[in-house]
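Contents: one structure, followed by commentary.
Note on naming: letters A, B, ... go to the chains in the order of the sequence lines (proteins, then strands), and numbering restarts at 1 for each one. In what follows, every heavy atom counts, from backbone to side chain, and hydrogens, waters and symmetry copies are set aside.
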Amino acid sequence: MDDRYDHKNIETRWQKIWEDQGAFTAHVDSTVPKYYLLEMFPYPSGRIHMGHVRNYSIGDVLARFLKMNGKNVIHPMGWDSFGLPAENAAIERNVPPAKWTRENIDYMRTQLKQLGLGYDWNREIATCEPDYYRWNQWIFIKLLEKGLAYKKRSSVNWCPHCATVLANEQVEECLCWRCSCTVEKRDLEQWFFKITSYAEELLAGTDKLTGWPERVLTMQRNWIGKSIGVEVNFNVVDTADKSIKVFTTRPDTIYGVTFMSLAPEHPLLRTLTPDSHLAEVRAFVEGVMKEKASAGPGGLDKMEKKGIDTGIRCFNPITGETIPVYVANFVLMEYGTGAVMAVPAHDQRDFEFAKKYDIPITVVITPSGVELDPKTMEEAYTGEGTLTNSGPFDGLTTDNAKKAITNYIEEKWAGEACLNYRLRDWGVSRQRYWGCPIPVIYCDKCGAVPVPAEDLPVLLPDNVMFTGKGGSPLEEAEDFVNTECPACGGPAKRETDTMDTFVDSSWYFLRYTSPHEMKKPFTKEDAGYWMPVDQYIGGIEHAVMHLLYARFFTKALRDMGLCDVDEPFKNLLTQGMVCKETQKCPEHGFLLPEEVSDGGKCVKCSAPVVTGAVEKMSKSKKNTVDPSGIIARYGADTTRLFSLFAAPPERDLEFSIDGVEGSYRFLGRVWRLVTGNIDNLSASEPYSSEKHGALESGPLKDLHCATHRTIEKVTVDIGRRFHFNTAISSVMELVNAIYATLQKGEGIVNSGAGPAVFREAAEAVVLLLSPFAPHITEELWSRLGATQPIYETPWLTFDRDAIARQEVTLVIQINGKVRSRAVIAVGTKKEEVLEMVKKDSRLTQWIEGREIKKVIYVPDKILNMVIK
RNA sequence: GCGAGAGUGGCGGAAUUGGCAGACGCGCCAGACUUAGGAUCUGGUGGGCAACCAUGGGGGUUCGAGUCCCCCCUCUCGCACCA
């Protein structure tokens, strides 16, 4: 008997069959409902990690399930293959980035195939290939024509270590998101995409994305940061036409303004500060700048609020009062107008500031029933209330006053209502080599000229030097830089910046629909059929940047007439992280498993090793697991099954080798169930009541019922809830039930309808398990005599009659405590149940001599008697 | 500080609509087969001798609460001087 579960053979064989037969090739077919399933494509870093395994296993379960359910599934895969690591490899190991990247892609593609993932590899794309990035450039030029791409000099975040510009989103608490070194400010000419033009639509869209997790939507709303308010001009005293513009969301408090605060970077400080205060203001501003630069991570919020009087005075346009203008360290130049009208009574920051510098506090909002006294107030009152000390507006509620005072300000030409967004335009320039060249040529006569569409792509030159000295290698590539002006033919120079790699990933899902199109990024027909992505799956780390940019691109492309979708991703699933416990030596820090001896000692110093917290797998914590090793030892099916069984997709997954063993054991159990009974199973066809007659009560009927219940549960769990862990557990239960039936006696499955019911159950196990463990199930399916592979086999439907029970166990409670159970016919009436209860000996001790005050009866479920 | 999510056996996790808490798996215990077992199969396994007690803690609603309401604690994530 050498028919053991040989995962290696089975998996390579079926992977070849799927590939040879083009099992997962997708074609447009308007007669079949389409389903676009997409997982975030990986950066080709060299090897896949457990996070990929999890992400792609989740996707593959859905792809296979939906295909079996009659959907025309498109399930593509590709490579987000521009980016820094390739360049670092070039600097450190002298490998050209293109070579390094392509080799990584080849290796990782093999790894993905080893997992048995059902991708349409005909649609594979790599963003670093010219036939992809030429369309990046094409779109860039379109954006330029539409006024959605522009260049401006601006202060940017500069990472000295990575020698590049970072987007705001790539800066976390003043540190570079990749290398964690302190980010500096630099002034550079940068290309920007005008995402702010779409701020309102991007925000409004968050209310329509009902298939997205609420927290992702919240993060995007926060990021867009819309606020409704007024810009108000405060005229400067002793000048004819100078004014300072402030932005406020609280026009209702304008009668309470007692001073104004400017950001230290505010340009008017230079021109308006009187000579008498100039030296003092300059010293203060310089001090604050220094402090900000050295504050480091999270330092800003800990900085003490301070400021000084600039000597400038201006008029409150509504009250006509003269107020002092301060410069304050907590006012942000980046937000609003960089100037704030200060209302100490109703803003906590202004309150603290006013207390510190003895500035008057005027109360203009009265909360209901409380009189505020500026002398005794200990904090600002920021809530709603009724206006007071506000001239004609006294007595209005805050809400009404906002509207009324805004109108009044507009009537007096003192300002206008406006919306303000925290969202900034998207800076896309990167001083890097391994990215998509920005298709612009600079000519002394004609200025910045876009490269004509027929000259695309602007190819990345491969004869460049990597010195690692900072700056872009493209700047040194003279063949690349020196060119002709497309407009006048004169000598000109190319833009040497490349695009942020988030540009690449902002439309790749559209390219998948027309991966071989030569004349356009994609065709309207293909996109029209396949888009939007029905289900997108990926990590929560992309909640803001990638997903917001992709939404922006989709809308911009729509407005260029290239496609008809408003939102690219209908449903979004953010999977949890893959974690594992860490091991730590007090002396040597985190340890690899091989650095821990059998006795739990550090191999370097013999100190006892502490098993630390369960944390996200990362190289620095030395708690990673290479999926290749797991696949080699246990097989792809086991690896997939484990990563789907140990936790629901959206939660974190804790890796455990014992759990992997458990999954492997289960597959072995399924294997033996089918192969060990193959003669019996082959001799029959699945049970049907017409052919085999109705089943009498007993083990066979129970097994038939369990089979159909499992079909129902797995169908719902995969299709509606994405709870693969419970789907798998219910298949395990069915397997247990089959074994238990076999245990009850050989005769049961050998005679009468036995073989048919057994076959039906075994087929259900194989088919229901197939999205999770596709190889072993294909193998067993063919051994069961199937002529059609599982991926072409329809999903199982369940028989309502088989599930319907004739009898149920009724729980009988006394005062809410379970005291007995009774098997009753479905639909038994309350009176009949009460009759039975009276005869139940387990209940007499509770009921006898007591008064039954109340009886609650939930048919077929529970009977609760309240007694005294 | 604001917002979101979570807290259930020794562990990962079930419980879909307020109705038997702990499915399924891991681990552990016992047994069977066996030269052997890290294979396989079978049984047991929240705590407590029991009545009973148990879903982070405390109140409440209800015949009945892991599930609903109020207060509090802890953890994770996101945002954070946003005017």
Side-chain angles (χ1 to χ4, degrees), chain A residues 4 173 213-223 225-227 229 246-250 253 260-261 263 298 300-303 305 328-332 334-343 346-350 352-353 382 420-422 540-541 543-544 576-577 581 613-614 616 641-642 645-648 650-663 665-666 668-669 672 713 716-717 720-721 723 725-733 735-736 739-740 743 809-821 853-858 860-867:
Chain A
R4 306 202 31 181
E173 308 228 16
E214 196 52 44
R215 61 175 180 147
V216 174
L217 295 173
T218 308
M219 281 190 226
Q220 295 214 345
R221 287 183 198 122
N222 285 345
W223 192 260
K226 177 183 179 177
S227 44
V246 302
F247 172 76
T248 182
T249 56
R250 295 295 303 270
T253 62
M260 185 190 287
S261 316
L300 279 182
D301 52 330
K302 284 175 205 106
M303 261 200 287
K305 289 181 185 36
N329 65 346
F330 62 87
V331 179
L332 304 173
E334 309 86 72
Y335 186 80
T337 61
V340 184
M341 63 174 224
V343 186
H346 306 293
D347 180 285
Q348 188 56 26
R349 290 157 304 181
D350 298 340
E352 287 169 29
F353 199 85
T382 55
N420 200 30
Y421 298 92
R422 210 186 70 119
I540 186 74
E541 65 273 20
V544 177
M577 296 178 300
E581 65 179 23
V614 174
K616 181 186 177 177
L641 192 69
F642 164 75
F645 177 62
E650 66 278 8
R651 276 225 234 169
D652 286 352
L653 171 86
E654 190 183 332
F655 181 86
S656 119
I657 196 67
D658 287 337
V660 175
E661 291 266 4
S663 293
R665 232 163 14 219
F666 170 67
R669 210 163 134 77
R672 288 188 301 274
K713 169 120 178 95
V716 170
D717 281 355
R720 243 196 335 259
R721 302 206 310 156
H723 279 202
N725 55 334
T726 53
I728 294 165
S729 80
S730 62
V731 178
M732 288 173 168
E733 284 181 86
V735 170
N736 292 345
Y739 271 108
Q743 193 73 23
T809 303
L810 183 80
V811 172
I812 299 164
Q813 298 183 333
I814 307 283
N815 288 345
K817 292 203 158 66
V818 181
R819 297 301 182 197
S820 184
R821 292 183 176 83
K853 290 187 67 178
K854 195 173 177 182
V855 177
I856 291 97
Y857 181 60
V858 182
D860 306 333
K861 271 189 176 163
I862 204 160
L863 178 83
N864 188 15
M865 290 181 285
V866 186
I867 63 168

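Taking the six-membered ring wherever Trp is involved, the centroid distance between the rings of F666(A) and F645(A) does not fall below 6.0 Å.
A distance of about 13 Å separates the P atoms of rU16(B) and rG22(B), rounded to the whole Å. For the P atom pair drawn from rG64(B) and rU76(B), the interatomic distance equals 38 Å after rounding to whole Å. Atom name C1', nucleotides rG59(B) and rG48(B): the rounded distance is 27 Å, in whole Å. Comparing rA6(B) with rU55(B), their C1' atoms sit 13 Å apart, to the nearest whole Å. The separation of rG58(B) from rG46(B), taken at their P atoms, amounts to 23 Å, rounded to a whole angstrom. Distance noted for atom P between rG5(B) and rG9(B): 22 Å (whole Å). Across the P atoms, rG56(B) and rU67(B) are found 8 Å apart, a figure rounded to whole Å. Between rC70(B) and rU61(B), the two C1' atoms lie 11 Å apart (nearest whole Å).
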Scoring nucleotides 9-21 of chain B by protein non-hydrogen atoms under 4.0 Å (B base, S sugar-phosphate only, - none) yields ---BSSSB--BB-
Sugar-phosphate means primed atoms, P, OP1 and OP2; the rest is base. With that split, encode nucleotides 31-56 of chain B 5' to 3' as B, S or - using protein heavy atoms under 4.0 Å. ---------SSS---------SS---
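Interatomic distance, CG of D658(A) versus OG of S663(A), reported as 11.0 Å (0.5 Å rounding). How far CZ of F353(A) is from CG of D347(A): 12.0 Å, rounded to the nearest 0.5 Å. Note that OG1 of T726(A) is 10.0 Å distant from CD of E733(A), once rounded to the nearest 0.5 Å. The line from CE of M219(A) to CD1 of I540(A) is 4.0 Å long, rounded to the nearest 0.5 Å.
Spacing between atom CZ of R215(A) and atom P of rC2(B) amounts to 20 Å, rounded to whole angstrom units. In this structure, M219(A) atom CE and rG78(B) atom C1' are separated by 5 Å, rounded to whole Å.
A cation-pi geometry, defined here as NZ or CZ lying under 6.0 Å from the six-membered ring centre and within 45° of its normal, holds between R669(A) and Y739(A).
Counting heavy atoms from C-beta on, the side chains of V855(A) and M865(A) come closer than 4.5 Å. Contact check for F642(A) versus I728(A): no side-chain heavy atoms found under the 4.5 Å cut-off.
N329(A) comes within contact range of no nucleotide atom at all, as no heavy-atom separation falls under 4.0 Å. The residue S656(A) sits apart from the nucleic acid: no heavy atom pair falls under 4.0 Å. No contact: G659(A) has no heavy atom under 4.0 Å from any strand. Within 4.0 Å (heavy atoms only), V855(A) reaches no atom of the nucleic acid at all.
Nearest-nucleotide positions on RNA chain B for T218(A) and S663(A) put T218(A) closer to the 5' end. Of the residues near RNA chain B, V866(A) and N420(A), the one whose nearest nucleotide (by heavy atom distance) lies more toward the 5' end is V866(A).
Syn is the conformation of rG9(B), whose glycosidic angle sits no further than 90° from 0.
Side-chain N/O atoms of R221(A) include none lying less than 4.0 angstrom from OP1 or OP2 on rA4(B).
Paired regions of RNA chain B, where each region holds three or more successive Watson-Crick or G-U pairs whose two hydrogen-bonding distances fall under 3.5 Å, are B:1-7 with B:73-79, B:10-12 with B:24-26, B:27-32 with B:40-45, B:56-60 with B:68-72.
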